[in-house]
Enquirer: 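Take a look at the following structure, please.
Values below: every heavy atom of this structure, side chains too, minus hydrogens, waters and symmetry copies. Note on naming: letters A, B, ... go to the chains in the order of the sequence lines (proteins, then strands), and numbering restarts at 1 for each one.
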There are 2 protein chains.
Amino acid sequence: MCAATQEPLRPLTSEEEAFMRTLVKVITTLPRAIDHDMTHDRQLPLVEYLTLMHLSEAPDRRLRMSALAEAADLSVSGMTRVVARLETQGLVKRVKCVNDGRGWNAVLTDDGYARLQTAWPSHLNAVRRRLIDHFDGVDLDEYTRVLQRVAGACSSR
Amino acid sequence: MCAATQEPLRPLTSEEEAFMRTLVKVITTLPRAIDHDMTHDRQLPLVEYLTLMHLSEAPDRRLRMSALAEAADLSVSGMTRVVARLETQGLVKRVKCVNDGRGWNAVLTDDGYARLQTAWPSHLNAVRRRLIDHFDGVDLDEYTRVLQRVAGACSSR
DNA sequence: TTTTATTGCTTGCCGAGACAAGTACCCCGG
DNA sequence: CCGGGGTACTTGTCTCGGCAAGCAATAAAA
């Protein structure tokens, strides 16, 4: 059970160590930088942007609160508050589910869709400048496959 | 100035898009998973662990508050509070600088060093299981170089 | 030397988000 | 039809961490 005894405790190689430390830096720095860019450029923080984005891609531009939380990697209560913020700006509205009286759909409004389109260039630019531009000449698909395995290992207990 | 007009607004390719989304997932998921592992295994959250780690690697096991904040990618005030938490547990103590009456050194105590050694296996295990194990057969050094460029682009304005 | 600007750290205040408790609703067995 | 357990979301409460203001101490200027 105790993690310490599951493995023979071979330390990381120096390459592994260097990689891990650099990744830690990127993990702490990259979201801050992109959020900073977007917030100062178009006044739409990253979490809000991603939430609108997920809605815009959903059928009928609507998603159950729990599904939206899942998509955005947020707790359900966290998403309640994000949607509350977006609702006060008129970008999203909450509509009671027809089939299930317990459930609510977050629905992207036309204003919300317009807002998303306005913010998109800013997002795109930030992602390019901070991230994608630095991947010239590497096999992105291979990276994606590896990262998918990592993401899988992180969602399991 | 406006990011939207700097570039011709070429959208991301589908490979770039997929990569970015997977990375977002890893960025939100991986620290949570490692922190979860460490907190439940040895009661030492990731931020605290990394702080002790940086101290242990510094000459004389001590570092100015600002240097420590920088190393851990935290604001100075954030580090004040982390060190305060560690100090109440006796893992770190704050010592006034001799040369500069304004400055303080965070010094790793013997208890702190012992605590770090205790937590290390748990950290190592989490990092392997959640991250490193999934990089078989890829060129880690290449990844590290790319990530260093990204990190550089994230610390610049 | 006295004044002023700068630096290093801490504290007050606030927003974000996680967890747990609460509320409303569904569904199933009787 | 009713009661009890499960589900969907919200709200109360907490911790974390960022920013800006405050407080010393140093450095620079007068």
Enquirer: Hey, does the side chain of Arg81(A) come within less than 4.0 Å of dC9(D)'s phosphate (OP1/OP2), counting only N and O?
Expert: no
Enquirer: Using only side-chain N and O atoms of Arg64(B), determine if any of them is under 4.0 Å from OP1 or OP2 of dT7(C).
Expert: no
Enquirer: Pick out the pairs of N or O atoms, protein on one side and nucleotides 5-7 of chain D on the other, that lie under 3.5 Å.
Expert:
| from | atom 1 | to | atom 2 | distance (Å) |
| --- | --- | --- | --- | --- |
| dG6(D) | N2 | Arg102(A) | NH1 | 3.2 |
| dT7(D) | O4' | Arg102(A) | NH1 | 3.1 |
| dT7(D) | O2 | Arg102(A) | NH1 | 3.3 |

Enquirer: Determine whether a donor-acceptor pair (one donor, one acceptor, N or O, separation below 3.5 Å) exists between the side chain of Ser77(A) and the base of dC19(C).
Expert: yes
Enquirer: May I ask you to decide if Arg10(B)'s main-chain N or O and Arg128(A)'s side chain share a donor-acceptor pair within less than 3.5 Å?
Expert: yes
Enquirer: To the nearest angstrom, how far is Leu63(A) atom CG from dA8(D) atom P?
Expert: 14 Å
Enquirer: Over how many whole Å does the gap from Trp104(B) atom CH2 to dA24(D) atom P extend?
Expert: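 Checked: the CH2 to P distance equals 13 Å.
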Enquirer: Whole angstroms only, please: what is the CG-C1' distance between Leu74(A) and dG15(C)?
Expert: 14 Å
Enquirer: Report the residue (Ser75(A) or Gly103(B)) whose heavy-atom-nearest nucleotide on DNA chain C is the more 5′ of the two.
Expert: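 It is Gly103(B), whose closest nucleotide lies nearer the 5' terminus.
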Enquirer: Rounded to whole angstrom units, what separation is found between the CE atom of Met79(A) and the P atom of dC9(D)?
Expert: 11 Å
Enquirer: Tell me whether the rings of Tyr143(B) and Tyr143(A) are parallel (<30°), tilted (30 to 60°) or perpendicular (>60°).
Expert: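 Judged by the thresholds at 30° and 60°, the geometry between Tyr143(B) and Tyr143(A) is parallel.
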Enquirer: Please check if atom CD in Glu70(A) has more than 12 non-hydrogen atoms from other residues, nucleotides or ligands closer than 6.0 Å.
Expert: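 Counting other residues, nucleotides and ligands, CD of Glu70(A) stays at 12 neighbours or fewer.
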Enquirer: In this structure, how many angstroms lie between the P atom of dA24(C) and the CG atom of Asn99(A), rounded?
Expert: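 From Asn99(A) CG to dA24(C) P: 22 Å.
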Enquirer: Considering only heavy atoms and no angle criterion, is a donor-acceptor pair shorter than 3.5 Å present between the side chain of Arg32(A) and the base of dG17(D)?
Expert: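 Checked by distance alone, the answer is no.
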Enquirer: Is there a donor-acceptor pair under 3.5 Å between the side chain of Arg130(A) and the backbone N or O of Thr29(A)?
Expert: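 The answer is no, because no donor-acceptor pair under 3.5 Å joins these two groups.
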Enquirer: Here's a test of your reading of the structure: between Asn105(A) and Arg85(B), which maps to the more 5' nucleotide of DNA chain D?
Expert: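 It is Asn105(A) whose nearest nucleotide is closer to the 5' end.
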Enquirer: May I ask you to evaluate whether Arg94(B) reaches the phosphate of dT10(C), defined as a side-chain N or O under 4.0 Å from OP1 or OP2?
Expert: yes
Enquirer: Looking only at side-chain N and O atoms, does Lys96(A) come under 4.0 Å of OP1 or OP2 in dA8(D)?
Expert: no
Enquirer: Round to a whole Å and report the spacing from CD of Glu70(B) to C1' of dG18(D).
Expert: 16 Å
Enquirer: Check whether any side-chain N or O of Arg149(B) sits under 3.5 Å from a backbone N or O of His134(A) as a donor-acceptor pair, and report yes or no.
Expert: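 Yes, the answer is positive, given that a donor and an acceptor are paired below the 3.5 Å cut-off.
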Enquirer: Under the criterion side chain to side chain donor-acceptor pair (under 3.5 Å), which of Asp41(A), Asp37(A), Thr39(A) is the partner of Ser122(A)?
Expert: Asp41(A)
Enquirer: State whether Thr80(B) places a side-chain N or O below 4.0 Å from either non-bridging phosphate oxygen (OP1 or OP2) of dT11(C).
Expert: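 Answer no for this pair, as no side-chain N or O of Thr80(B) is under 4.0 Å from OP1 or OP2.
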Enquirer: Starting at atom CG of Leu50(B), determine the distance to atom P of dG17(D), rounded to an integer number of angstrom.
Expert: 11 Å
Enquirer: Has the side chain of Asp35(B) got a donor or acceptor atom that lies under 3.5 Å from a matching backbone atom of Pro45(B)?
Expert: no
Enquirer: Using atom CE of Met65(B) as one end and atom C1' of dA25(D) as the other, report the distance to the nearest whole Å.
Expert: 17 Å
